[in-house]
Engineer: 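Sharing a structure below in structure tokens format, with a few things to ask.
In what follows, every chain begins at residue 1, and chains take the letters A, B, ... in the order their sequences are listed.
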Amino acid sequence: MKAHLIDCDYITRDGRAVIRLIMKRNRFLRIYDPKFEPYFYAIPRAGSLESLKTAISHISLLVNAERIEPERIETEEKLLFGKKATFLKIFCKHPSHVRVLREHVRGLADVYEADIVFSRRYLIDRGLTPFDLLEFTHKGKELKKITKRGEPEGLTLRTLAFDIETYNPIGAPRPDKDPAIMISYADEESGVLTYKPIPLPFVHKVADEKAMIEEFCRLVKEKDVELLLGYNDVEFDLPYLRDRAKKSGAELRLGRDGFSSFKVQQRGLFKHAKIAGRVHLDLYAVAKFLALIGAVKTRRLTLGEIYNEMFGEEKKKVKKMDIWRMWDGSEEDQKTLAEYSLHDAIATKKIADKVVPLEFALARLAGASLPDVCGATTGQMVEMLLWREAHAQNRIVPNKPDKDEVRQRESMPVQGAYVKLPEAGIYDNLAVFDFRGMYPSIIISHNIDMDSLNCDDCTDAEKHVSPLGHKFCSKKKGLVPSVLERLIDERDRLKKELKSLKPGTPEYEAVFAKSQAFKIISNSFYGFLLYSRSRWYSRPCGESVTAYGRHYIQETIRKAEEAGFKVLYSDTDSVVLQLGSKPKEEAIAFMKKINSELPGRMELELEGFYPRGVFVGKKLAGAKTAEVGAKKKYALIGEDGRIKIRGFELVRRDWSRVARHTQQKVLETILKEGSKEKAVEIIREVISDLRDGKTKLEDCIIYSSIRKDIRHYAVTSPEVSAAQKAIKAGIPVQVGSLVGYIITKKGKTISEKSEPAELAKDYDPNYYIDHQVLPAVLKIMKELGYSEDDLKGSGKQTTLF
DNA sequence: TAATTCGCTAGACCGA
DNA sequence: TCGGTCTAGCGAA
């Protein structure tokens with residue numbers, strides 16, 4: 001039989017763990033593999049292997065009336081930190097026994113690989129990856145033999161997105177009192193289930209709340225949903241439906257077994273909902289991940305904002321607080337509400353269509369199931385990948401560090417990248433070069449790996465010596481470089497393939513998602529080397545990566561200057577050159593020369609030519625002496641007119657829109673039109689609007705997040721003050737909340753004047769002029785010869801007024 | 001209970 | 001009131 005592997009877990013039969021595989025042919029099916037046992041490794045700290053084996057074999061414990069002892073012990077030769085060593089492999093009856101036995105064995109020996117999830121152990125040891133096409137023989141539901149047959153072929157999952165609306169007369173709905181009023185769903189078709197007669201073609205009216213919940217379950221069953229999608233439904237929709245089902249006497253039968261609802265598993269900081277026989281994904285977790293890696297940049301991670309960002313169109317909006325009123329209101333209100341509800345499900349589905357291919361690719365890459373990678377951090381995925389590769393190379397996986405070790409690692413950070421101080425000014429005719437995937441290419445080209453450090457496999461003269469003097473083997477490829485090299489090779493191949501495909505087609509999107517997955521993971525390896533809780537932490541490796549980075553970028557700067565270019569700026573892996581009178585070809589020739597001298601896979605790339613760029617000065621504490629350029633803050637305009645902006649207030653969410661917009665317009669005017677007069681005109685108008693109270697309150701909101709418990713703040717900053725006022729008014733503010741606040745006229749300090757956006761009635765024009773708009777534009781105007789006094793206008797003659 | 005370091009800037013806070 | 005230091009958030013890479 002041929003089928004695709006979807007997911008894997010285990011059940012317990014007669015005290016033994018039995019692996020359960022979820023596979024898909026035309027429908028989902030379950031196959032059991034009873035022939036796989038949990039195990040872990042041990043190696044003596046001192047003494048002989050034999051005596052340790054004897055000691056372990058005698059362990060026999062009674063825990064909760066259950067006898068726990070090793071099933072059998074084998075010996076196995078593995079690589080421990082690159083060196084061969086013989087280990088005891090201790091097999092157990094059940095994964096829970098591993099947890100008990102490892103603690104006892106720890107008293108006698110060093111223990112390894114005793115903290116891996118059983119199902120993942122299975123996939124790794126069998127060499128299986130979710131979505132593989134497998135061929136297997138079976139007897140009844142028992143697996144006999146399983147073989148990998150290849151890449152997924154035409155695998156699709158029947159997908160349904162859903163969303164619920166709830167009655168909320170006091171703002172937040174109370175599951176014990178307030179009913180669910182609508183359930184919307186979307187796959188190829190979409191609809192809304194509700195129990196009021198709303199004359200819209202997509203609305204299906206049922207008798208009451210109970211019938212609505214059960215109709216939804218029937219729909220899930222009838223459509224034989226394989227992938228159920230929600231947005232924040234683990235926290236909200238699913239538990240709410242469960243509570244309402246209980247209250248109304250409905251059965252929430254979501255599972256494919258026909259009777260179960262869902263189970264919530266705590267996974268790290270967030271929860272995961274498991275629905276029997278189906279794959280469930282909460283897209284909120286995906287959104288969080290995308291925000292973490294900077295793929296989406298929204299103020300809040302709400303469905304609406306994510307949708308807006310991804311599709312550049314507004315999702316239908318209703319005021320949350322008004323939902324109950326609309327439900328009780330006119331037919332028109334109810335229609336609007338139903339349309340809104342429908343669109344929530346459709347938006348969820350559309351987001352899924354965009355992000356599920358990426359999750360799919362990440363799952364394939366990390367070798368974990370969709371629910372496992374969905375919401376996993378890059379660090380977790382790097383670990384999954386390394387664990388798999390370590391097994392393939394017969395290496396023992398290092399243990400996680402203990403608390404003291406973590407503290408020790410955190411207490412000694414390593415020196416990072418080099419950033420060149422720019423000179424403030426406006427420049428013409430620039431070329432930007434950067435190292436392609438600098439850190440990954442450094443790791444590969446110098447074989448940076450904890451196992452290749454000070455190896456015995458080559459002589460000192462043959463070794464790669466980092467600028468800090470660490471020596472890496474030049475003969476045997478380490479684990480990290482070998483995995484990384486494979487990733488980079490594969491990504492290069494995908495990028496080539498992409499060129500032959502048409503953007504917008506499903507093939508293109510699938511390959512693009514794959515390529516993104518490879519990029520995300522490749523870029524995370526360096527961080528993982530210096531991550532204090534990493535199993536593969538290595539300070540010498542991590543600091544060698546950055547030291548090589550500093551070395552190569554500084555060499556590039558030196559050679560550029562030698563070749564007669566003025567190097568305006570450089571940050572980590574990039575250089576900005578001023579061409580002056582030199583033709584572009586000379587810059588290209590320079591790049592080629594650099595590349596001819598670089599080792600291995602390292603490569604300097606042309607990022608682009610820019611006709612003009614602005615570097616601004618840094619605000620100096622107190623001293624009004626010589627202007628110093630600011631790092632990480634510049635704007636360049638490309639030959640196609642596109643502007644590349646870094647670090648300016650306008651890219652920061654903790655600045656008001658009025659300041660950000662004004663700064664953007666000023667930058668555009670100067671870069672595109674080169675007109676200072678027009679820039680001044682823009683500023684003048686904004687300031688006059690602010691003065692006259694014409695600026696929209698909404699444009700004055702400043703957003704900032706509350707990153708810890710509100711009581712733990714040492715200083716009462718404006719956002720903290722606003723948060724306190726919000727809490728007082730009954731608006732909840734949790735850790736991680738983004739508070740929007742406005743500086744009002746009332747109060748002395750900025751904090752006193754700060755009010756939550758929801759409560760603010762006015763704004764303080766002086767604050768927005770002096771502390772938002774002017775500082776933002778002043779930096780730029782200064783480069784055009786306008787002084788602070790020119791712009792501020794202290795009553796005397798000014799350029800602005 | 002899951003990647004890093006470098007850098008800018010504000011507003012609070014504190015002492016002279 | 002001034003200037004320096006500290007806390008905190010966010011972005012660049």
Engineer: Answer with base, sugar-phosphate or nothing: what part of the nucleic acid does Val414(A) contact at a heavy-atom distance below 4.0 Å?
Structural biologist: sugar-phosphate

Engineer: Counting only side-chain N and O atoms of Lys633(A), is one of them less than 4.0 Å from OP1 or OP2 of dT9(B)?
Structural biologist: yes

Engineer: Using atom CD of Gln724(A) as one end and atom P of dA12(B) as the other, report the distance to the nearest whole Å.
Structural biologist: 12 Å

Engineer: With a non-hydrogen cut-off below 4.0 angstrom, is Ser751(A) in contact with a base, only sugar-phosphate, or nothing?
Structural biologist: sugar-phosphate

Engineer: Quickly work out the Asp654(A) CG to dT9(B) C1' distance and round it to whole Å.
Structural biologist: 9 Å

Engineer: In whole angstroms, how far is the P atom of dA12(C) from the CZ atom of Phe615(A)?
Structural biologist: 14 Å

Engineer: Please classify the nucleic acid contact of Tyr439(A) as base, sugar-phosphate, or nothing, using heavy-atom distances under 4.0 Å.
Structural biologist: nothing

Engineer: For DNA chain B, whose closest nucleotide is more 5', that of Tyr526(A) or that of Pro775(A)?
Structural biologist: Tyr526(A)

Engineer: Strictly below 4.0 Å: does Tyr767(A) bring a side-chain N or O up to OP1 or OP2 of dA10(B)?
Structural biologist: no

Engineer: Within the pair Tyr741(A) and dA10(B), is there a side-chain N or O less than 4.0 Å away from OP1 or OP2?
Structural biologist: no

Engineer: Reckon Lys420(A) has a side-chain N or O less than 4.0 Å from the OP1 or OP2 of dG7(B)?
Structural biologist: no

Engineer: Take Arg533(A) and Ala630(A), find for each the nucleotide of DNA chain B with the closest heavy atom, and name the residue whose nucleotide sits nearer the 5' end.
Structural biologist: Arg533(A)

Engineer: Assess whether one donor atom and one acceptor atom, taken from the side chain of Arg652(A) and the base of dC10(C), lie less than 3.5 Å apart.
Structural biologist: yes

Engineer: Using ring pair (Phe, Tyr, Trp, His ring centres under 6.0 Å), reason through Phe40(A) and Tyr112(A) one step at a time and then give a plain yes or no.
Structural biologist: CA-CA 6 Å; Phe40(A) 64 97; Tyr112(A) 289 94; over 10 Å; no

Engineer: Closer to the 5' end of DNA chain C via nearest nucleotide, is it Val715(A) or Lys644(A)?
Structural biologist: Val715(A)

Engineer: May I have the distance from Gln772(A) (atom CD) to dG11(B) (atom P), rounded to whole angstrom?
Structural biologist: 7 Å

Engineer: Using a cut-off of 4.0 Å on non-hydrogen atoms, how would the nucleic acid contact of Ser705(A) be classed: base, sugar-phosphate, or nothing?
Structural biologist: sugar-phosphate

Engineer: So what does Gly527(A) hit on the nucleic acid, given a heavy-atom distance under 4.0 Å: a base, only sugar-phosphate, or nothing?
Structural biologist: base

Engineer: Examine Tyr439(A) together with Phe525(A) and report whether their ring centres are nearer than 6.0 Å.
Structural biologist: no

Engineer: Side-chain N or O of Ser717(A) less than 4.0 angstrom from OP1 or OP2 on dA10(B)?
Structural biologist: no

Engineer: Starting from C1' on dA8(C), measure out to CD on Glu719(A) and report it in whole angstrom.
Structural biologist: 7 Å

Engineer: Rounded to the nearest 0.5 Å, what separates atom CZ in Arg436(A) from atom CZ in Arg601(A)?
Structural biologist: 7.0 Å

Engineer: With sugar-phosphate meaning primed atoms plus P, OP1 and OP2, does Thr749(A) contact a base, only sugar-phosphate, or nothing at under 4.0 Å between heavy atoms?
Structural biologist: sugar-phosphate

Engineer: With a 4.0 Å cutoff (strictly under), does any side-chain N or O of Arg646(A) reach OP1 or OP2 of dG11(C)?
Structural biologist: no

Engineer: Sticking with atom C1', work out how far dA3(B) lies from dA12(C), rounded to a whole angstrom.
Structural biologist: 16 Å

Engineer: Which residues satisfy the side-chain contact (heavy atoms from CB on, under 4.5 Å) test with Arg539(A), sequence neighbours excluded?
Structural biologist: Met412(A), Val414(A), Tyr537(A), Glu543(A)

Engineer: Please state how far atom CZ in Arg660(A) lies from atom P in dC10(C), giving the value in whole angstrom units.
Structural biologist: 13 Å

Engineer: Salt bridge (charged side-chain N to carboxylate O under 4.0 Å, His left out) with Asp764(A): which of Lys745(A), Lys753(A), Lys748(A), Lys746(A)?
Structural biologist: Lys753(A)

Engineer: Looking just at side-chain N and O atoms, do Thr298(A) and Glu309(A) make a donor-acceptor pair shorter than 3.5 Å?
Structural biologist: no

Engineer: Using a 4.0 Å heavy-atom cut-off, does Tyr634(A) contact any base of the nucleic acid, only the sugar-phosphate backbone, or nothing at all?
Structural biologist: sugar-phosphate

Engineer: Just checking, any donor-acceptor pair under 3.5 angstrom between side chains of Tyr610(A) and Glu607(A)?
Structural biologist: yes

Engineer: What is the distance, rounded to the nearest whole Å, between atom CZ of Arg707(A) and atom P of dA8(C)?
Structural biologist: 10 Å

Engineer: Identify whether any heavy atom of Thr716(A) sits under 4.0 Å from a base atom; if not, whether one sits that close to sugar-phosphate; answer base, sugar-phosphate or nothing.
Structural biologist: sugar-phosphate

Engineer: Using only side-chain N and O atoms of Lys632(A), determine if any of them is under 4.0 Å from OP1 or OP2 of dG7(B).
Structural biologist: no

Engineer: Taking only side-chain N and O atoms of Lys708(A), does any of them lie within less than 4.0 angstrom of OP1 or OP2 on dA8(C)?
Structural biologist: yes

Engineer: Provide, to the nearest angstrom, the distance between the CG atom belonging to Leu778(A) and the P atom belonging to dC8(B).
Structural biologist: 18 Å

